[in-house]
**Student:** 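Structure in structure tokens, see below.
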Amino acid sequence: MPDARSGRPATPAEAEREQLRLRELVRPGPARPVRPARVAGLDVAYAPDDSVLAAAVVVLDAVTLEVVDSAHALGRPAFGYVPGLFAFREVPTLLDALERLTAVPELLVCDGHGRAHPRRFGLACHLGVLTGLASIGVAKTAFVGTHAPPGPARGDRSPLVDAGETVGAVLRTRSGVKPVYVSTGHRVELDAAVDQVLALTPRYRLPETTRQADRLCRSVLRARLGG
DNA sequence: GCGACAG
DNA sequence: ATCTTGTCGC
């Protein structure tokens, strides 16, 4: 049974049930896309022995892409690594970091999938529902679904299809470079998510938000471990 | 049955 | 995710 105090699942079966419960709370995005003023990137770094993890959130001005705020938190992996239940590992610590922000973002850009998940409830959906904020997932590798290779130019995309439904977009953010996997989390439509990712990748393959968060959680972990 | 499997 | 050097190319 779930830990009464934390409400966190203790077994894969419980975690799956929790996903089925929470996924009912996912909401679609507005028909007319809202341009966020501040966009946050989230990422986590693990100690080699998996004993601790550092979560970071970096908020950027959506127009200038300059860092306007950031926060981090240290914690313990809250669950073992199980494909499909990955979010349960880092969500608690990511929420700790989010609570420490001063500047609240309108959109969360998560490092992993959203709807492109076996039960349509990946990390991005999970964080979106728990915070109430709009969210999208940008993953570096595929998890579920099939797709044709997108064209070679930046902006080229092809639908990611799983069990007959489009669950995301395989997007080329840099010409001639391996594409990223974009999927919706909470309160955002896929086309809007793709537009956001393109706006966040003027120079590199991964969104500036993800890059900044990655840099921060790594340095926090390094400082914690000593070195 | 076997292999694959976000981070 | 993490363990890791050099190397090719803009």
Side-chain angles (χ1 to χ4, degrees), chain A residues 12 15-16 18-19 22-23 26 41-58 72-95 97 108-129 135-147 152-154 160-163 167-171 173-186 190 193 197 202-207 209-227:
Chain A
E16 285 192 24
E18 180 72 343
Q19 288 184 326
L22 293 175
R23 75 177 179 181
V26 172
L42 304 89
D43 195 18
V44 168
Y46 294 84
D49 67 358
D50 243 30
S51 61
V52 297
L53 62 78
V57 186
V58 178
H72 65 82
L74 288 162
R76 297 202 160 261
F79 207 82
Y81 173 65
V82 180
L85 300 177
F86 157 67
F88 291 95
R89 262 173 97 64
E90 6 190 282
V91 159
T93 311
L94 282 169
L95 290 177
L108 303 180
V109 178
C110 308
D111 188 30
H113 296 282
R115 194 177 169 222
H117 174 279
R119 287 171 295 282
R120 309 288 179 262
F121 197 73
L123 174 67
C125 301
H126 206 131
L127 279 173
V129 165
S135 64
I136 67 175
V138 180
K140 297 177 283 297
T141 61
F143 185 26
V144 296
T146 59
H147 64 86
R154 165 176 157 81
L160 177 61
V161 179
D162 183 47
V167 297
V170 183
L171 177 69
T173 54
R174 301 299 301 165
S175 296
V177 171
K178 195 189 346 165
V180 297
Y181 297 75
V182 180
S183 59
T184 59
H186 184 52
L190 184 57
V197 173
R203 170 142 193 205
Y204 299 101
R205 176 196 177 218
L206 297 178
T209 36
T210 299
R211 302 182 74 250
Q212 294 288 349
D214 180 78
R215 192 207 303 204
L216 178 56
C217 66
R218 285 182 195 246
S219 81
V220 167
L221 181 66
R222 185 165 17 105
R224 189 34 176 325
L225 298 178

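Convention: sequence-line order gives letters A, B, ...; per-chain numbering from 1.
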**Student:** Any idea which heavy atoms bring L160(A) and A116(A) closest together, and the distance?
**Tutor:** CD2-CB, 3.8 Å
**Student:** S51(A): what forms a side-chain hydrogen bond (donor to acceptor under 3.5 Å, both in side chains) with it, not counting sequence neighbours?
**Tutor:** D49(A)
**Student:** On a heavy-atom basis, which atom in S135(A) and which in G128(A) lie closest, and how many Å separate them?
**Tutor:** OG-CA, 3.4 Å
**Student:** Taking the six-membered ring for Trp and the single ring otherwise, decide whether the centroids of H147(A) and Y181(A) are under 6.0 Å apart.
**Tutor:** yes
**Student:** Taking side chain to side chain contact (heavy atoms under 4.5 Å, CB included) as the test, write out the residues that go with H117(A), two or more places apart.
**Tutor:** Q19(A), R119(A), F143(A)
**Student:** Output one line per pair: protein atom, nucleotide atom from nucleotides 3-10 of chain C, and distance, for all N/O pairs under 3.5 Å.
**Tutor:**
none

**Student:** May I ask you to check if R211(A) and Y204(A) form a cation-pi contact, with NZ or CZ under 6.0 angstrom from the six-membered ring centre and within 45° of the axis?
**Tutor:** yes
**Student:** Given that both pair distances must be under 3.5 Å and the pair must be Watson-Crick or G-U, what runs of three or more consecutive pairs involve DNA chain B?
**Tutor:** none
**Student:** Under the side-chain hydrogen bond (donor to acceptor under 3.5 Å, both in side chains) test, which residues partner R115(A), sequence neighbours left out?
**Tutor:** E165(A)
**Student:** Distances under 3.5 Å only, N/O to N/O: pair up the protein atoms with those of nucleotides 4-7 of chain B.
**Tutor:**
unit_1, atom_1, unit_2, atom_2, d
dA6(B), OP2, Y81(A), OH, 2.5
dA6(B), N7, G84(A), N, 3.2
dA6(B), N6, G84(A), O, 3.2
dA6(B), N6, F86(A), N, 3.4
dA6(B), N6, H117(A), NE2, 3.4
dA6(B), N1, L123(A), N, 3.2
dA6(B), N3, H113(A), N, 3.2
dG7(B), OP1, K140(A), N, 3.0
dG7(B), OP2, T141(A), OG1, 3.0
dG7(B), O3', D111(A), OD2, 3.0

**Student:** Can you sort out the partners of R218(A) under salt bridge (Lys or Arg N to Asp or Glu O under 4.0 Å), two or more places apart, ordered by chain and number?
**Tutor:** D214(A)
**Student:** Tell me, please, which residues at least two apart from E16(A) pass side-chain hydrogen bond (donor to acceptor under 3.5 Å, both in side chains).
**Tutor:** none
**Student:** Quick one: the dot-bracket string of DNA chain C, using Watson-Crick and G-U wobble pairs with both distances under 3.5 Å, [ ] for crossing pairs and | for bases paired to another strand.
**Tutor:** ..........
**Student:** For R154(A), give me all partners under side-chain hydrogen bond (donor to acceptor under 3.5 Å, both in side chains), at least two apart in sequence or on another chain.
**Tutor:** T201(A)
**Student:** Just jot down the salt bridge (Lys or Arg N to Asp or Glu O under 4.0 Å) partners of K140(A), sequence neighbours excluded, or say none.
**Tutor:** D111(A)
**Student:** Could I get the full list of side chain to side chain contact (heavy atoms under 4.5 Å, CB included) partners for T93(A), not counting sequence neighbours?
**Tutor:** L53(A), A55(A), A73(A)
